Protein chains: 2
Amino acid sequence: MAPRNSNKKRTKPIRTQILDAALHLYSSKGYFNASIHDIQREADVSMGSIYNHFSGKEAIAKALYDDLLGEMEALVDDSIADHDTAASRCRATIKALFEHTESEPEKTGFILNARHREFLTDEAPICSSQAFVKMRDIVHAGVRSGEVRDMQPWTAASMAFGPALRMIVLRLDGMIEHPLPESLDEVWSLTWDAIKAR
Amino acid sequence: MAPRNSNKKRTKPIRTQILDAALHLYSSKGYFNASIHDIQREADVSMGSIYNHFSGKEAIAKALYDDLLGEMEALVDDSIADHDTAASRCRATIKALFEHTESEPEKTGFILNARHREFLTDEAPICSSQAFVKMRDIVHAGVRSGEVRDMQPWTAASMAFGPALRMIVLRLDGMIEHPLPESLDEVWSLTWDAIKAR
DNA sequence: GTCTATAATCCGATAGAC
DNA sequence: GTCTATCGGATTATAGAC
């Protein structure tokens with residue numbers, strides 16, 4: 001039979017079609033409730049195409065995870081590159097995460113909410129990923145330079161990013177009804193007041 | 001055949017055996033990777049007993065969820081009953097959660113980490129549960145009494161409990177290597193400094 | 001490379017003896 | 001009430017045509 005996408009100019013590569021469909025289904029139903037048949041239907045491709053591009057169901061989730069965690073790490077990297085103090089770097093990271101939550105809620109939810117270790121075999125905890133370690137290191141560098149009060153590295157990271165991460169979860173769950181960037185200044189000034197050296 | 005537990009005095013009721021086994025398996029493998037056969041083996045009871053006590057797999061998770069969320073709500077209720085200011089109530093709640101994390105890490109993880117909406121049909125988001133709403137209300141009452149700075153209710157709750165909740169996740173994931181109660185005073189004094197009226 | 005149809009497996013739930 | 005054995009259905013993955 002004629003390939004499903006051969007007669008019209010394809011807007012997205014098949015790999016992207018599949019990953020987009022998977023992200024949407026994982027967000028709405030969760031990984032285990034989304035069968036590959038669901039993904040196949042949602043992406044409007046065949047089973048053959050799925051298994052031509054990915055070795056199996058877990059590989060789809062793994063590719064998505066790596067892609068999205070990479071995007072998040074890039075947000076952190078940009079925040080570091082564009083600023084030169086712990087305070088401004090933290091604030092820029094939170095700003096980027098808040099904006100990412102509004103523009104790509106499904107991506108943000110997949111990274112922050114999903115229990116990856118339940119479906120990705122031998123994956124390390126997400127807190128040990130580069131993105132989260134770099135966030136911790138921003139604050140810890142501030143401790144070493146005297147800009148931030150003396151604290152254990154993970155305590156400092158929890159103080160700096162805990163409130164913002166909590167608000168992202170509440171926003172994704174529909175508890176907070178206004179866009180997060182509107183709260184950035186308030187949250188950040190309170191947060192920074194708590195941890196800055198004095 | 002003779003009932004599996006009939007010849008020795010049973011230490012725990014069968015319902016409890018099943019729920020304990022389920023909690024342990026959910027913690028280590030996740031709900032969807034733990035089959036009913038796994039639970040049956042781990043609890044050392046038969047399939048017949050499982051279905052005599054519960055209507056199905058989801059009902060086990062639902063019972064566990066209700067039990068554990070009830071325990072957590074009781075911790076919050078006690079913290080409210082034993083204290084009379086927003087500050088001391090918040091601190092007591094965080095203290096109880098930190099201790100609960102150390103004494104019952106699997107229970108704490110099931111409540112704070114698991115994606116319940118993926119396996120409990122028609123369950124509201126956990127943030128809207130009584131335990132979490134009461135935590136928010138403790139802080140919001142402080143706002144209304146002038147003890148806490150003026151903020152949106154969920155913002156105030158995120159500021160008050162976000163760092164502590166983040167530390168619990170990091171502790172459960174093995175990133176933080178010392179018992180959380182050791183960090184209570186440091187975390188709470190910084191947190192309270194950030195939100196108290198001045 | 002893409003497609004449909006099918007195979008192999010696993011899981012939740014039930015039947016029926018005791 | 002507890003037990004074992006089994007069924008039906010869903011799911012992942014593959015075979016083989018085009």
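Below, chain A is the first sequence line, B the second, and so on; all start at residue 1. If you're wondering where the values come from, they're calculated on a predicted model, not measured in any experiment.
Shown here are the side chain to side chain donor-acceptor pair (under 3.5 Å) partners of Ser128(B), two or more places apart in sequence or in another chain: there are none. Partners of Glu42(A) according to the salt bridge (charged side-chain N to carboxylate O under 4.0 Å, His left out) rule, which considers only residues two or more places apart in sequence or in another chain, do not exist here. Contacts of Glu106(B) classified as side chain to side chain donor-acceptor pair (under 3.5 Å), with partners at least two apart in sequence or in another chain: His24(B). Evaluation of the salt bridge (charged side-chain N to carboxylate O under 4.0 Å, His left out) rule for Glu73(A) yields Lys134(A) as partners, not counting sequence neighbours. Here Asp20(A) pairs with Lys12(A) under the salt bridge (charged side-chain N to carboxylate O under 4.0 Å, His left out) rule; sequence neighbours left out. Scored by the side chain to side chain donor-acceptor pair (under 3.5 Å) test, Thr121(B) finds Glu58(B) as partners (sequence neighbours excluded). Scored by the side chain to side chain donor-acceptor pair (under 3.5 Å) test, Ser145(A) finds no partners at all (sequence neighbours excluded).
OP1 or OP2 of dC3(D) sits under 4.0 Å from a side-chain N or O of Ser46(B).
In the set dT2(D), dT4(D), dC3(C), dT2(D) carries the atom at the smallest distance from any side-chain atom of Ile14(B). Distances were taken from every side-chain heavy atom of Val45(B) (C-beta onward) to each of dC3(D), dC3(C), dA13(C); the shortest belongs to dC3(D).
A heavy-atom distance below 4.0 Å to DNA chain C is reached by these residues of residues 51-60 of chain A, ordered by number: Asn52(A), His53(A). Listed by residue number, the members of residues 26-36 of chain B with any heavy atom below 4.0 angstrom from DNA chain D form an empty set.
If you measure from atom CE of Met47(A) to atom P of dG16(D), you get 17 Å, rounded to the nearest angstrom. If you take CD of Gln40(B) and C1' of dA13(C), they are 13 Å apart, rounded to a whole angstrom. What separates CZ of Phe119(A) from P of dT11(D) is a distance of 17 Å, to the nearest Å. When rounded to the nearest whole Å, the span between CD1 of Ile50(A) and P of dG1(C) equals 16 Å.
By the 6.0 Å and 45° rule, Lys57(B) stacks over the aromatic ring of Tyr31(B). A cation-pi arrangement is absent between Arg91(A) and Trp192(A), since the terminal nitrogen or guanidinium carbon is not both under 6.0 Å from the aromatic centre and inside a 45° cone about the axis.
Residue His37(B) is the one, among His37(B) and Gly48(A), whose nearest nucleotide of DNA chain D lies closer to the 5' end (criterion: closest heavy atom).
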